Undergrad: 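Encoded as structure tokens, here's the structure I'll be asking about.
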Amino acid sequence: MNKPFIMTPGPTYIHEEVRMALAQPITNPDLDVSFFGFYKETCNKLKKIIQTKNDMLILSGEGILGLEAACASLIEPGDRVLCIDNGIFGNGFGDFIKMYGGEAVYFKSDYRRAIDVGLLEKFLSKDHNFSMATLVHCETPSGITNPIDRICKLLNQHGIISVVDSVSAIGGEVLKADEWSIDMVLGGSQKCLSAPPGLTFLSISPRAWEKILNRRVPIIGYYANLAHWKNWYQEKWFPYTQPISDIYGLRTAAERWLKEENPIERHEKIAKAARKSLMEGGLNLYPIDGFSNTVTTIKIPENIGFHEIYQTMLKDHNILIAGAFGFLKDKVIRIGHMGENCYEDKVYLTLKALDQVLRKYGVRPKVELHKAFTSYM
Ligand SMILES: *Cc1c(COP(=O)(O)O)cnc(C)c1O
């Protein structure tokens with residue numbers, strides 16, 4: 001099969017070094033004690049990436065498992081949980097909150113803008129009786145990055161445990177988990193770290209552990225129960241057999257990220273040049289502010305449909321770009337510039353193809369998108 005060039009906001013292209021790591025011979029991860037050290041070292045690398053000294057775990061399941069595990073483990077029936085919502089993932093957290101018996105109280109913010117911290121501050125000054133709050137670092141469908149630094153500091157002032165879905169931001173946006181007092185940071189393997197889909201990783205602060213280990217009501221379920229993990233290293237015991245090959249891959253991907261001088265600056269630069277070229281071409285971006293470093297969301301121009309763009313990108317150029325889901329279905333196209341896809345040559349080819357596809361259907365960008373992009377690099 002001639003695999004397309006994937007320029008989607010996850011999964012992303014996997015570097016050959018990571019593919020080679022995946023192919024290494026395995027050991028028995030439950031019985032070979034050296035694997036416990038390997039797993040711990042891999043966690044330490046992830047801790048460096050998100051700048052935390054808190055515990056880190058890698059779980060077998062994509063990013064969504066991290067979201068569910070945080071809610072399953074932290075929420076007790078009747079808990080009031082603040083759901084900070086300016087997009088599809090932010091809103092979706094509310095469903096997990098309710099599923100585990102919490103009362104979801106939504107703080108809603110404009111879906112085309114980053115969360116308004118001033119408004120949140122006002123809201124919290126009137127009502128801050130929450131055991132925890134959920135929020136999203138980068139709203140991947142809309143391409144918006146939220147100021148989690150200010151939000152989490154604010155939550156911390158009110159003694160609220162913060163759970164941040166940073167799945168599509170880790171590695172592409174600045175993240176200082178400890179300095180910003182984030183209790184749980186949730187990540188996934190397939191976005192900016194460019195490992196294959198299949199793993200989630202998450203950090204847990206002492207305050208979050210305390211809540212998890214001192215519940216009135218036991219945690220429902222097994223796979224999403226973080227309490228099982230408390231002493232995995234001391235006891236040399238995992239709750240289930242670890243996906244050792246995937247962990248080999250994730251570790252190599254994390255090492256690649258750590259050895260680069262400034263991967264976040266690379267994401268910033270590419271994202272900015274992509275936006276400028278698209279806007280100069282007369283296309284409209286979905287966000288009004290809070291533009292993401294990792295994904296660009298473009299409103300579909302008049303006189304052309306999502307399927308025409310998507311199919312023609314694929315058929316004529318073998319490039320896969322994404323649409324979105326929920327209320328954004330068929331309204332936007334998304335270009336992922338995450339991790340291994342966040343390089344000038346790849347984004348250039350994508351914009352060149354997009355430019356040609358649009359012209360084929362009579363939509364004429366005011367400048368050649370790819371040339372404008374390069375001029376801003
Ligand atoms: C990709 C993503 C997830 C996880 O989704 P998976 O399909 O499990 O990889 C969660 N939150 C955000 C914001 C994401 O972009």
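One-based numbering, in listed order, for ligands and for the atoms of each. Index from 1, following the sequence. Being a predicted model, the structure only gives us computed values, none of them experimental. Just so you know, these numbers use all the heavy atoms, side chains as well, and skip hydrogens, waters and symmetry mates.
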Undergrad: Look up atom CG in L193 and atom OG1 in T252, then write down how far apart they are to the nearest 0.5 Å.
TA: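 Atom-to-atom, L193:CG and T252:OG1 are 12.0 Å apart.
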Undergrad: In terms of atom number and element, which parts of ligand 1 are under 4.0 angstrom from non-hydrogen atoms of G63?
TA: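 Per the distance check, 4 (C), 8 (O), 9 (O).
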Undergrad: The test is ring pair (Phe, Tyr, Trp, His ring centres under 6.0 Å); show your working for Y222 and Y240 and say whether it passes.
TA: CA-CA 10 Å; Y222 184 82; Y240 46 85; 7.2 Å; no
Undergrad: Provide, to 0.1 Å, the distance between atom 1 (C) of ligand 1 and the closest protein heavy atom, together with that atom's residue and name.
TA: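 Nearest protein contact, heavy atoms only, for atom 1 (C) of ligand 1 is K191 NZ, 1.4 Å.
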Undergrad: Which residue owns the protein heavy atom closest to atom 6 (P) of ligand 1, what's the atom, and how far is it?
TA: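 Checked against all protein heavy atoms, atom 6 (P) of ligand 1 sits closest to E62 OE1, 3.5 Å.
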Undergrad: Under 4.0 Å, heavy-atom basis, I'd like to know which part of I64 is in contact with ligand 1: side chain, backbone, both or neither.
TA: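 It is both parts that get close, each with some atom under 4.0 Å.
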Undergrad: Answer with side chain, backbone, both or neither: which part of H137 has a heavy atom less than 4.0 angstrom from an atom of ligand 1?
TA: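 No part of H137 is near ligand 1 at this cut-off.
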Undergrad: Please report the interatomic distance OG1(T140) to CD1(I88), rounded to the nearest 0.5 Å.
TA: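 Separation between the atoms: 9.5 Å.
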Undergrad: Below 4.0 angstrom from a heavy atom of Q190, which ligand 1 atoms are there? Numbered from 1 as shown, please.
TA: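 Near Q190, the atoms of ligand 1 are 6 (P), 9 (O).
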Undergrad: Check this for me: does any side-chain nitrogen of one of D79 and R216 sit under 4.0 Å from a carboxylate oxygen of the other?
TA: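 Answer for the salt bridge query: yes.
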Undergrad: Does NZ or CZ of K346 lie under 6.0 Å from the centre of the six-membered ring of Y343, at an angle within 45° of the ring axis?
TA: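 Judged by the rule (NZ or CZ under 6.0 Å from the ring centre, within 45° of its axis), K346 is not positioned above Y343.
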Undergrad: Should C138 be listed as contacting ligand 1, given a heavy-atom distance under 4.0 Å as the test?
TA: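 Yes; C138 lies near enough to ligand 1 that a heavy-atom distance drops under 4.0 Å.
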Undergrad: Can E139 be said to touch ligand 1, with heavy atoms closer than 4.0 Å?
TA: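 No; E139 lies far enough from ligand 1 that no heavy-atom distance drops under 4.0 Å.
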Undergrad: May I ask you to say whether K211 pairs ionically with D183, meaning some side-chain N is under 4.0 Å from a carboxylate O?
TA: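 No salt bridge links K211 with D183.
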Undergrad: Within a distance under 4.0 Å of any heavy atom of T140, pick out the atoms of ligand 1 and give their elements.
TA: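 The atoms of ligand 1 under 4.0 Å from a heavy atom of T140 are 12 (C), 13 (C), 14 (C), 15 (O).
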Undergrad: Tell me whether the guanidinium CZ or amine NZ of K40 lies under 6.0 angstrom from the six-membered ring centre of F38 and within 45° of its axis.
TA: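 That pair does not qualify as a cation-pi contact.
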Undergrad: Looking only at protein heavy atoms, identify the closest one to atom 11 (N) of ligand 1 and say how far it is in Å.
TA: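 Ranking protein heavy atoms by distance from atom 11 (N) of ligand 1, first comes D165 OD2, 2.6 Å.
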